[in-house]
Amino acid sequence: MTKPGVTTRQVHADRQLNQPADGAVHTSTTNSVLFEFEKTQDLVDVFQGKKMGHVYGRSSSGSMAALQTIIADMEGGIATACFSTGMAAITSTMLSLFKAGDHLIVSQYLFGNTRSFLDTLQDLGIELSFVDVTSIQEVIAARKSNTRAVFTETIANPVTQVADLRAIGKWSEEQSLLFMVDNTMTPPPAFDAKAMKVSLVLTSLTKYHGGHGHVLGGAVTDMGNFDWTLFNNIKPAYQVADERMWGITQIRKKGLRDLGATLSAQSAHLISVGIETLSLRMARSTENAMKLATYLESQEKIERVYYPGLSNHPQHYVAREQLGGYGAILSFDLVPGIEPCEFLDELKLVLSATHLGDTRTLALPVASTIFFENGQRERARMGITETMIRMSVGIEDTDDLVADFDQALAKF
Ligand SMILES: *Cc1c(COP(=O)(O)O)cnc(C)c1O
């Protein structure tokens, strides 16, 4: 049988992983923190990595392992480690792989909290160059002798810049640099990490995977492309027999076990239920986003719409060629004189809320909320206008969303 498509695998993943005696189709969620061994030697062997198994709930559990298998399979990677939040996945991965004196090339268009965490990395002695990742020339120009990695998102939030992923991936591979991509905005099948030569995929599972705003989680997946023997920071203890597993082993030990931001069994279960409809929700949200972007662009009270699906978007062709969808984040500027908060208060269906990747359509004023801490100069550098509104488009009936904007715009 040929390998089933990603949607089929998402729906059937739990059932394929476990075949419990009672026929339960969901992975059982255990609340046990400890695991008993009949033979003490087995406990010793699991501790020493000679046998597979669980010893303590902070490091691993059956529920977490099941979700990790599903995500690795979806991404086409070799192994996944799950964390309590997307930020935990990002911070734990970076803190376990990099050390003072290393240099990283990072996107200047990043999720606000990731950007803020990078300040902490700098304080710890890790050198960073912030570059415009839509330009491969800028990425290349930032290379130093101590460069270890390149880090970017696929589609940035809120301005929707699209990184030149294919070019960066190819160059990173030539340079033997770790290529880390946060693909939260474009979960599979919208982003093919393997084809883009990504080494590590980082994802907030809180967004599209969970999908319903009721669970937090994060993941890092090793795509199996990177030669860890060329990476100086892997501790001897984690240089295991299978060289492809060096990175994820260190991330699991240093990042998950030592830093301790573990995903709970209940959260792992909620996320795996969310994954069953991920492709359907993503397709629907993306379709709605395209229609809404086109509608908003035609409105005289809207000055500008930012959405990669629009042909006037600066990276429209990059997105079309490199991604399997334009995502469901769109932003817009109202014409001067319409106050963003007042406008958002007139929307009845659309929720004024932070968060994204939800079934519901959400909107918020960017400069005064999620990028407030960055200050006006940094916002300008990221392309964020002071009156920008960001939307995460949900799965509602398109006509209802358009009608909501129609009635709100009519008030101004
Ligand atoms: C939300 C988000 C994160 C952080 O995820 P949490 O699960 O909220 O911690 C990281 N990166 C991107 C692109 C995000 O949108």
Side-chain angles (χ1 to χ4, degrees), residues 64 67 71 75 80-95 106-121 133 151-163 165 180-188 190-191 193 198 200-221 255-256 259-264 266-268 270-272 274-275 278 281-282 285-286 289 306 308 323 325-331 353-358 362-364 366 369-371 373-374 382 384 390-394:
M64 213 162 84
L67 181 61
I71 293 172
E75 297 285 359
T80 295
C82 283
F83 294 85
S84 58
T85 65
M87 282 316 300
I90 293 169
T91 58
S92 303
T93 298
M94 295 208 176
L95 289 170
V106 296
S107 169
Q108 74 188 42
Y109 315 118
L110 286 173
F111 176 65
N113 303 154
T114 304
R115 176 65 192 81
S116 171
F117 168 68
L118 291 179
D119 289 341
T120 309
L121 274 194
V133 287
F151 173 63
T152 183
E153 294 171 7
T154 53
I155 301 177
N157 158 30
V159 187
T160 72
Q161 296 96 339
V162 184
L165 298 153
M180 304 167 75
V181 174
D182 179 337
N183 77 339
T184 301
M185 296 304 171
T186 50
F191 177 61
V198 179
L200 293 176
V201 173
L202 295 145
T203 312
S204 167
L205 305 174
T206 313
K207 309 292 170 52
Y208 293 102
H209 292 65
H212 301 75
H214 68 335
V215 59
L216 293 154
V220 55
T221 300
L256 191 56
L259 295 174
T262 307
L263 187 71
S264 75
Q266 196 59 33
S267 296
L270 292 172
I271 292 165
S272 64
I275 288 173
L278 171 61
R281 287 183 284 103
M282 198 69 217
S285 293
T286 302
Y306 306 80
L323 299 173
Y326 301 112
I329 298 299
L330 74 84
S331 296
T354 189
H355 184 45
L356 59 90
D358 205 75
L362 316 172
L364 86 176
V366 175
T369 61
I370 50 175
F371 284 91
E373 222 181 89
N374 303 68
M382 294 175 131
I384 299 170
R390 186 206 65 196
M391 294 178 63
S392 166
V393 181

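Whatever order the structure lists ligands and atoms in, that order sets their numbers, starting from 1. If you read the sequence from its start, that first residue is 1, and numbering goes on from there.
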Discussion item. Given 3.5 Å as the limit, does a donor-acceptor pair link the side chain of Ser331 with the main chain of Tyr306, or not?
Written reply: no
Fill in: His209 side chain to Lys207 backbone, donor-acceptor under 3.5 Å
no
Worksheet item: Knowing that exactly one of Thr354, Asn113, Leu356 qualifies, which makes a side-chain contact (heavy atoms from CB on, under 4.5 Å) with Ile370?
Response: Thr354
Discussion item. Does only the side chain of Ile90 get under 4.0 Å from ligand 1, or the backbone, or both, or neither? Count heavy atoms.
Written reply: side chain
Worksheet, complete the sentence: If we number the atoms of ligand 1 from 1 as shown, the ones under 4.0 Å from a heavy atom of Thr206 are 6 (P), 7 (O)
Worksheet item: Does Val215 offer a backbone N or O that forms a donor-acceptor pair with the side chain of Ser267 under 3.5 Å?
Response: no
Worksheet item: Nearest to atom 9 (O) of ligand 1, what protein heavy atom do you find, and at what distance?
Response: Met87 N, 2.9 Å
Worksheet entry | Minimum-distance protein heavy atom relative to atom 6 (P) of ligand 1 | Gly86 N, 3.3 Å
Worksheet item: What protein heavy atom sits nearest atom 15 (O) of ligand 1, and how far away is it?
Response: Lys207 NZ, 2.7 Å
Worksheet item: Quick one: nearest non-hydrogen protein atom to atom 3 (C) of ligand 1, plus distance?
Response: Phe111 CE2, 3.4 Å
Item to complete: State whether the side chain of Arg281 and the backbone N or O of Tyr208 hold a donor-acceptor pair below 3.5 Å, judged by distance alone.
Response: yes
Discussion item. At less than 4.0 angstrom from any non-hydrogen atom of Asp182, what atoms of ligand 1 do you find?
Written reply: 10 (C), 11 (N), 12 (C), 13 (C)
Worksheet item: For Ile155, which of Thr184, Val162, Ile329, Asn183 qualifies under side-chain contact (heavy atoms from CB on, under 4.5 Å)?
Response: Val162
Discussion item. Quick one, Ile271 and Leu263 - any side-chain contact, counting heavy atoms below 4.5 Å?
Written reply: yes
Worksheet item: Relative to the heavy atoms of Gly217, which atoms of ligand 1 are at a distance of less than 4.0 Å?
Response: 7 (O)
Item to complete: Measure the distance from atom 5 (O) of ligand 1 to every protein heavy atom, then report the residue, atom name and distance (to 0.1 Å) of the closest one.
Response: Ser204 OG, 3.0 Å
